[in-house]
Number of protein chains: 2
Amino acid sequence: MIPHECGECPIRHRAVCARCESDELELLDQIKYYRSYESGQTLIWSGDPMDFVGSVVSGIATLTQTMEDGRTQMVGLLLPSDFVGRPGRDSAAYDVVAVTDIVMCCFRKKPFEEMMARTPHIAQRLLEMTLDELDAAREWMLVLGRKTAREKIASLMAIIARRDATLNKNGTRGPLVFDLPLTREAMADYLGLTLETVSRQVSALKKDGVIELEGKRRVTVPDFNRLLEEAGDDSDGGMLI
Amino acid sequence: MIPHECGECPIRHRAVCARCESDELELLDQIKYYRSYESGQTLIWSGDPMDFVGSVVSGIATLTQTMEDGRTQMVGLLLPSDFVGRPGRDSAAYDVVAVTDIVMCCFRKKPFEEMMARTPHIAQRLLEMTLDELDAAREWMLVLGRKTAREKIASLMAIIARRDATLNKNGTRGPLVFDLPLTREAMADYLGLTLETVSRQVSALKKDGVIELEGKRRVTVPDFNRLLEEAGDDSDGGMLI
DNA sequence: TTCCTGCATTGATTTAAATCAATCGCCCCC
DNA sequence: GGGGGCGATTGATTTAAATCAATGCAGGAA
């Protein structure tokens with residue numbers, strides 16, 4: 001809801017439209033429309049026809065794959081400015097589920113594809129975003145394939161902490177505080193674990209002082225480099241951003 | 001080696017240049033150069049400065065990540081026509097290792113980037129290829145996160161069989177025959193397993209008649225749908241291509 | 001031929017994580 | 001205030017895969 005001018009859009013400079021000039025933005029403005037969904041709602045079912053693409057304006061959603069017997073693996077975590085859908089593809093390849101209430105800025109696929117063909121700025125930006133996603137997916141593959149349960153949890157905490165710090169422009173000094181956007185079960189789907197293992201390893205990291213918990217969701221990281229060590233990452237990769 | 005005209009290039013219609021018109025191709029022709037590497041050679045070290053990008057012309061290479069303690073995960077399998085390197089990035093993010101002798105068609109990064117800015121056909125094709133890679137990476141995440149060792153092996157066999165069938169235009173009828181391009185250890189790095197587990201599960205699939213082996217590398221799949229079932233995939237996804 | 005050497009297989013044992021199961025704590029609603 | 005329900009925690013046990021350890025096998029060199 002809350003439709004607005006592109007000029008004052010919160011994701012103006014990070015979404016697929018980031019590179020657009022004001023005249024290009026005006027064209028997009030004409031074909032865009034907003035949709036909002038409630039927490040828990042499935043925006044898109046895998047295999048269904050997809051007649052639109054769009055950007056997450058606010059809220060969080062997940063991209064998941066499900067096997068016939070019900071095993072599920074999260075394959076993407078969609079944050080504000082992330083793009084949903086693939087130009088040139090007719091049916092959705094993954095389930096998209098809202099984790100919080102969410103607002104999307106949508107375009108019907110056909111007009112968007114035409115616009116993309118005429119506007120290199122959009123295609124350029126989409127390429128850049130897709131390359132970033134591919135890097136993230138490959139990082140994630142290392143986590144899934146080779147890390148222990150404890151390292152997986154620490155890695156996830158580090159990813160969320162890092163993202164939170166960039167979004168909210170917190171300095172890199174001092175303890176980091178953030179809220180987990182995911183339930184234990186969603187964390188398990190993210191990491192290829194069971195929710196019991198997630199719970200145990202979160203408790204273990206807490207017991208060992210790597211993280212502090214306030215309630216189930218609010219996390220404090222007193223020493224980010226310590227967290228990175230636990231994640232099995234290069235300890236000198238402590239740069240936020 | 002064996003430099004040639006783009007017009008008679010084996011990957012002309014599938015690589016990053018696929019969409020180029022003959023005049024664009026001529027420009028690429030002027031800035032391209034070939035490099036060849038021997039099996040086992042590391043083409044690129046993670047973290048090293050990357051001053052070129054390029055396409056695999058022939059042969060196979062792997063993209064791998066390594067943790068400090070030596071654990072490694074393959075994050076990409078590079079086949080003829082696949083693109084290596086990321087425009088806009090200065091240093092390599094992954095190790096690239098030749099699995100067979102390999103020939104690359106290279107471009108210095110700077111001229112390629114300039115060319116890309118002027119030639120939408122290249123950027124378009126690169127976007128398409130990157131989106132395909134992202135899909136493959138997400139498929140792979142499901143394999144790594146949720147499949148059993150047996151399912152992982154069956155999934156890998158299915159991927160290679162499918163690829164081989166498209167490359168060599170074998171019909172979908174009858175038993176499929178192909179060569180494994182990877183050692184047991186490389187398969188383990190691909191699937192997040194140990195080489196012993198790979199060996200055991202290959203033997204088990206053979207014992208159960210899902211695959212037949214001639215030597216260590218040559219595989220026959222008598223019933224592709226059976227293999228897909230073992231991989232935990234939709235059994236109706238049996239379409240090759 | 002015989003001896004390497006590098007991959008691969010197979011076996012015995014350990015172990016990390018899954019599974020099965022009970023309980024807790026919090027919020028909401030009646 | 002007393003359920004009911006959902007997410008989370010914790011415990012006991014099982015199990016799939018890792019680890020540790022021999023052995024096999026094919027190809028190349030001496």
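Naming convention: chains lettered A, B, ... in sequence-line order (proteins, then strands); numbering from 1 in each chain.
Checking side-chain atoms of B/Asp95 against main-chain N and O of B/Val97 turns up no donor-acceptor pair under 3.5 Å.
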Table of protein N/O atoms under 3.5 Å from nucleotides 20-25 of chain D N/O atoms:
unit_1 : atom_1 : unit_2   : atom_2 : d
D/dC20 : N4     : B/Glu196 : OE2    : 3.2

Close N/O contacts between protein and nucleotides 22-24 of chain C (under 3.5 Å):
none

Would you be so kind as to tabulate the donor-acceptor pairs closer than 3.5 Å made by side chains of residues 210-221 of chain B, with sequence neighbours excluded?
unit_1   : atom_1 : unit_2   : atom_2 : d
B/Arg217 : NH1    : B/Leu180 : O      : 3.1
B/Arg218 : NE     : B/Asp179 : OD1    : 3.1
B/Arg218 : NH2    : B/Asp179 : OD2    : 2.8

Show me the donor-acceptor pairs, under 3.5 Å and distance only, between side chains in residues 193-205 of chain A and residues at least two apart or in other chains.
unit_1   : atom_1 : unit_2   : atom_2 : d
A/Thr194 : OG1    : A/Thr197 : N      : 3.3
A/Thr194 : OG1    : A/Thr197 : OG1    : 3.0
A/Ser203 : OG     : A/Ser199 : O      : 3.0

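Between B/Arg218 atom CZ and C/dA8 atom C1' the separation is 19 Å, expressed in whole Å. If you measure from atom CZ of A/Arg146 to atom C1' of D/dA18, you get 11 Å, rounded to the nearest angstrom. C/dA17 atom C1' lies 15 Å from atom CG of A/Leu144, rounded to whole Å. Note: CG (B/Leu205) to P (C/dT9) measures 12 Å, nearest angstrom. Put simply, CG on A/Leu180 is 15 Å from P on D/dG7, counting in whole angstrom units. If you measure from atom CD of A/Glu214 to atom C1' of C/dC26, you get 16 Å, rounded to the nearest angstrom. As rounded to whole Å, 6 Å separates atom P of C/dA17 from atom CD of A/Gln201. Following rounding to the nearest Å, A/Ile153 (CD1) and D/dT9 (P) show an atom-to-atom distance of 10 Å.
Between A/Leu77 atom CG and A/Leu63 atom CG the span is 9.5 Å, to the nearest 0.5 Å. Between the CE atom of A/Met104 and the CG atom of A/Asp82 there is a distance of 10.0 Å, given to the nearest 0.5 Å. Here the OG1-CD distance, from B/Thr130 to A/Glu133, works out to 11.0 Å after rounding to the nearest 0.5 Å. Residue B/Met67 holds its CE atom at 7.0 Å from CG of A/Asp233, rounded to the nearest 0.5 Å. Atom CG of A/Asp101 and atom OG of A/Ser36 lie 8.0 Å apart (nearest 0.5 Å).
Regarding contacts with the backbone of C/dT9, a side-chain N or O of B/Ser199 is found under 4.0 angstrom from either OP1 or OP2.
Of the candidate nucleotides D/dA8, C/dA17, C/dT10, C/dT10 has the atom lying nearest to any side-chain atom of B/Ser203.
Backbone-only engagement by B/Arg217 is indicated by non-hydrogen atom pairs under 4.0 Å involving sugar-phosphate atoms exclusively.
Pairs engaging residues 129-167 of chain B under the ring-ring contact (aromatic ring centres under 6.0 Å, His included) rule: B/Trp140-B/Tyr190 [sequence neighbours left out]. Identified under the side-chain hydrogen bond (donor to acceptor under 3.5 Å, both in side chains) test for residues 45-56 of chain A, with sequence neighbours left out: none.
The side chain to side chain donor-acceptor pair (under 3.5 Å) test applied to B/Thr72 returns B/Asp189, not counting sequence neighbours. With sequence neighbours excluded, no residue forms a ring-ring contact (aromatic ring centres under 6.0 Å, His included) with B/Tyr37. Applying the ring-ring contact (aromatic ring centres under 6.0 Å, His included) test to A/Phe52 and every residue at least two apart in sequence or in another chain returns nothing. With sequence neighbours excluded, the residues satisfying side chain to side chain donor-acceptor pair (under 3.5 Å) with B/Asp132 are A/Arg86.
Residues of residues 181-195 of chain B that place a heavy atom closer than 4.0 Å to DNA chain D, in numerical order, are B/Gly192, B/Leu193, B/Thr194.
Computed from C1' positions of five pairs at each end, the angle between the two local axes of the helix from C/dT1-D/dA30 to C/dC30-D/dG1 equals 20°, rounded to 10 degrees.
With DNA chain C read from its 5' end, the first of the two nearest nucleotides for B/Thr197 and A/Ala149 is the one closest to B/Thr197.
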